[in-house]
Amino acid sequence: LHALNTHWASLYQAAVSGEPVVSSAEFVNGKLGAKAMRQLQDAVAVMTGHFPEWLVQLSKACPFLLSFECRQQLFHFSVFDRDRAFQRLQEMMPELAHADHHGDRDRVMPRLEKKKQSVGRQGLLDQLEGVLSSVGISRAILEVHFSGEVGTGLGPTLEFYTLMSREFQRADLGLWRGEPVSGDSAYVHSSGGLFPLAKDQKSLESSKRYFRLLGRFIAKALYDSRMVDLPLSTAFCKWILGQQNSLNIQDIQVVDRDMSRSMAILQRLLLAKVEADSLADGESKSETLRQLSQQVEDLSLDFQLPGSSLELKAGGSYISVTLGNLAEYLQLLSQTMLVSGVEAQMTAFSEGFSSVFNIQHLSMFYPEELPQLFCGSQHDPWEMKSLVEHCRPDHGYTHDSHAVRHLFEILASFGPEEQRKFLMFVTGSPRLPIGGFRAMHPPLTIVQKHVEADHSPDDFLPSVMTCVNYLKLPDYSSREIMEERLAKAMSDGQNAFHLS
């Protein structure tokens with residue numbers, strides 16, 4: 001039933017929208033989920049890595065019975081090493097970090113080595129291979145420092161992953177389908193998310209190198225509980241999970257909408273041919289088929305991938321598309337765009353990923369869930385209730401302070417782009433972890449920024465300590481001034497870590 005609910009559109013030849021009929025939440029079993037979460041909160045089970053066999057098997061055979069959050073915790077606890085698992089448990093249950101049972105505190109505290117690397121802001125992609133190689137297959141957590149800047153720790157490291165994610169989207173690399181978007185330099189944008197550009201053998205080597213590096217980069221981020229900022233398409237995620245054989249013409253709607261529209265026109269011509277073939281022989285049938293043939297020939301298509309020299313079959317550049325071979329053309333076009341033309345790149349991605357940990361461990365997730373696993377929370381509206389419950393005023397501020405209330409009102413009014421800028425300013429990453437503000441560790445803390453007695457707070461900008469998610473906020477005289485000064489700080493306080 002779950003598979004039918006998800007893949008019902010594949011029963012139709014025409015390209016139709018394949019949204020599930022009912023929400024996936026309807027399949028989650030609350031009783032099993034509660035039992036699983038109790039197991040995942042057992043410190044002994046986490047430290048030893050011994051979870052009930054039924055839980056591991058269920059998460060792979062019937063993932064839909066457990067919530068995404070439950071499977072995410074099981075993934076982190078069962079796939080990675082004991083210290084990483086126990087550190088994550090402490091983040092879920094902070095009381096464990098403060099436990100001190102008769103001097104046993106040191107015994108249960110996770111011991112995670114940190115490997116520090118210094119990088120320059122220019123030519124980041126060229127430095128990535130060396131950075132990842134320096135960590136190798138060790139369990140050390142990668143920590144990044146930008147050359148010439150005083151900032152160290154969590155903030156610069158999160159910004160490194162964000163900037164590197166952007167580097168992989170550069171248009172000049174020729175990795176992705178999509179349209180270049182100009183900024184400081186050109187990056188690729190695709191409304192349906194990133195998917196590899198089909199390549200012929202002559203231009204594959206460079207692409208394979210970058211996709212292998214991308215696999216290592218994403219796996220290392222996941223291994224260290226860092227977030228990347230890559231809008232990956234569902235079709236790309238199907239490849240990651242080894243589900244490429246399920247890709248079909250519906251996925252082209254997501255991967256390349258312009259190509260999908262063109263193929264829809266050809267499909268209509270093909271269906272018209274099928275209808276004409278069912279007619280009795282006569283002048284009407286002959287005239288209909290003649291007109292359809294002429295429409296196909298007027299398109300001047302051959303068996304090459306449009307906009308590319310990649311042949312759909314041997315000698316394809318010399319074979320014209322006709323009404324007689326139109327069905328073969330559409331089938332080969334889909335196969336080349338989604339499977340055979342990107343197989344080498346995706347194989348390289350999997351090899352790079354598995355050099356950090358086995359990519360098969362991702363099998364407890366669905367393709368539509370991987371972007372959330374890799375990239376964190378989506379940009380949903382921030383509610384006042386969540387901000388009040390999970391953000392902590394301190395050092396001069398309380399929840400009753402005018403400045404804190406004004407700040408929460410401003411944050412609750414932010415759209416997605418303003419959310420990204422604020423998070424980038426405060427944390428170094430443009431996304432919240434899965435679970436939103438509740439899952440931030442350490443929590444977002446708002447402290448009062450004191451100024452000299454002969455100065456006005458209105459003359460100063462907010463500043464931050466990204467390593468501990470601290471926002472140092474002057475006690476502004478009005479919400480309007482706070483909003484203006486915060487916007488300026490969010491805009492100006494990017495791309496460098498200096499003393500504030």
Side-chain angles (χ1 to χ4, degrees), residues 2 24-25 27-114 137-142 218-227 241 353-354 356-366 369-370 372-374 376-377 390 432-436 438-443:
H2 180 268
S24 59
F27 291 89
V28 174
N29 187 299
K31 291 183 178 180
L32 278 175
K35 186 173 180 63
M37 289 305 293
R38 286 195 295 272
Q39 295 288 341
L40 295 174
Q41 291 171 357
D42 183 340
V44 175
V46 172
M47 290 176 66
T48 59
H50 290 155
F51 295 103
E53 192 63 28
W54 68 265
L55 179 55
V56 178
Q57 290 181 354
L58 189 68
S59 69
K60 295 180 179 179
C62 303
F64 54 85
L65 291 176
L66 301 174
S67 68
F68 170 77
E69 291 75 14
C70 179
R71 283 177 282 121
Q72 182 207 14
Q73 296 297 352
L74 176 61
F75 171 78
H76 283 280
F77 289 165
S78 63
V79 173
F80 302 148
D81 55 82
R82 182 197 75 98
D83 289 320
R84 276 179 167 78
F86 196 62
Q87 177 171 285
R88 192 168 189 90
L89 183 64
Q90 285 185 340
E91 292 173 355
M92 289 174 55
M93 305 171 64
E95 61 272 17
L96 290 177
H98 303 293
D100 188 359
H101 300 296
H102 307 293
D104 287 348
R105 179 183 175 90
D106 291 336
R107 180 177 63 82
V108 299
M109 289 294 287
R111 298 180 178 88
L112 288 170
E113 176 192 356
K114 293 183 179 179
I137 59 173
S138 74
R139 297 191 302 114
I141 291 179
L142 175 63
I218 292 180
K220 181 59 179 172
L222 195 54
Y223 192 51
D224 287 356
S225 295
R226 309 300 188 212
M227 292 176 291
L241 296 175
F353 194 104
S354 292
V356 180
F357 68 90
N358 195 328
I359 199 169
Q360 297 297 325
H361 288 307
L362 297 176
S363 63
M364 65 178 71
F365 300 103
Y366 291 102
E369 294 174 332
L370 289 189
Q372 192 175 1
L373 184 70
F374 297 154
S377 179
H390 304 301
L432 286 170
I434 298 169
R438 171 178 54 82
M440 282 187 74
H441 299 286

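Side-chain atoms are counted along with the backbone in the values below, which use heavy atoms only and exclude waters and symmetry mates. Keep in mind it's a predicted model, so treat the numbers as computed, not measured.
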Nearest atoms (heavy-atom pairs only) where [X] meets [Y]:
X: Leu66; Y: Ala36; result: CD2-CB, 4.3 Å
X: Ser67; Y: Val28; result: N-CG1, 3.9 Å
X: Leu432; Y: Met227; result: O-SD, 3.3 Å
X: Ala43; Y: Phe86; result: CB-CE1, 4.2 Å
X: Cys70; Y: Gly33; result: SG-O, 4.5 Å
X: Ala140; Y: Lys220; result: O-NZ, 2.7 Å

To the nearest 0.5 Å, what is the distance between [atom1] on [X] and [atom2] on [Y]?
X: Lys31; Y: Leu65; atom1: NZ; atom2: CG; result: 14.0 Å
X: Ile434; Y: Gln73; atom1: CD1; atom2: CD; result: 9.0 Å
X: Ile359; Y: Phe357; atom1: CD1; atom2: CZ; result: 8.0 Å
X: Leu370; Y: Leu241; atom1: CG; atom2: CG; result: 4.5 Å
X: His361; Y: Ser354; atom1: NE2; atom2: OG; result: 9.0 Å
X: Arg71; Y: Glu369; atom1: CZ; atom2: CD; result: 4.0 Å

* Derivation of the side chain to side chain contact (heavy atoms under 4.5 Å, CB included) call for Gln360 and Lys60 -> CA-CA 10 Å; Gln360 297 297 325; Lys60 295 180 179 179; over 6 Å; no

Taken in chain and number order and not counting sequence neighbours, the residues that satisfy salt bridge (charged side-chain N to carboxylate O under 4.0 Å, His left out) with Lys114 are Glu143

If we only count heavy atoms from C-beta on, is the [X] to [Y] side-chain gap below 4.5 Å?
X: Val46; Y: Phe51; answer: yes
X: His76; Y: Arg84; answer: no
X: Val44; Y: Met47; answer: no
X: His441; Y: Gln87; answer: no
X: Arg139; Y: Tyr223; answer: yes
X: Val356; Y: Leu222; answer: no
X: Leu362; Y: Phe75; answer: yes
X: Arg226; Y: Ile141; answer: yes

Exercise. Could you go step by step and tell me if Tyr366 and Phe68 meet the ring pair (Phe, Tyr, Trp, His ring centres under 6.0 Å) rule?
Worked result: CA-CA 9 Å; Tyr366 291 102; Phe68 170 77; over 10 Å; no

| task | On the 0 to 90° scale, with breaks at 30° and 60°, tag the Phe64-His2 ring pair as parallel, tilted or perpendicular. | result | parallel

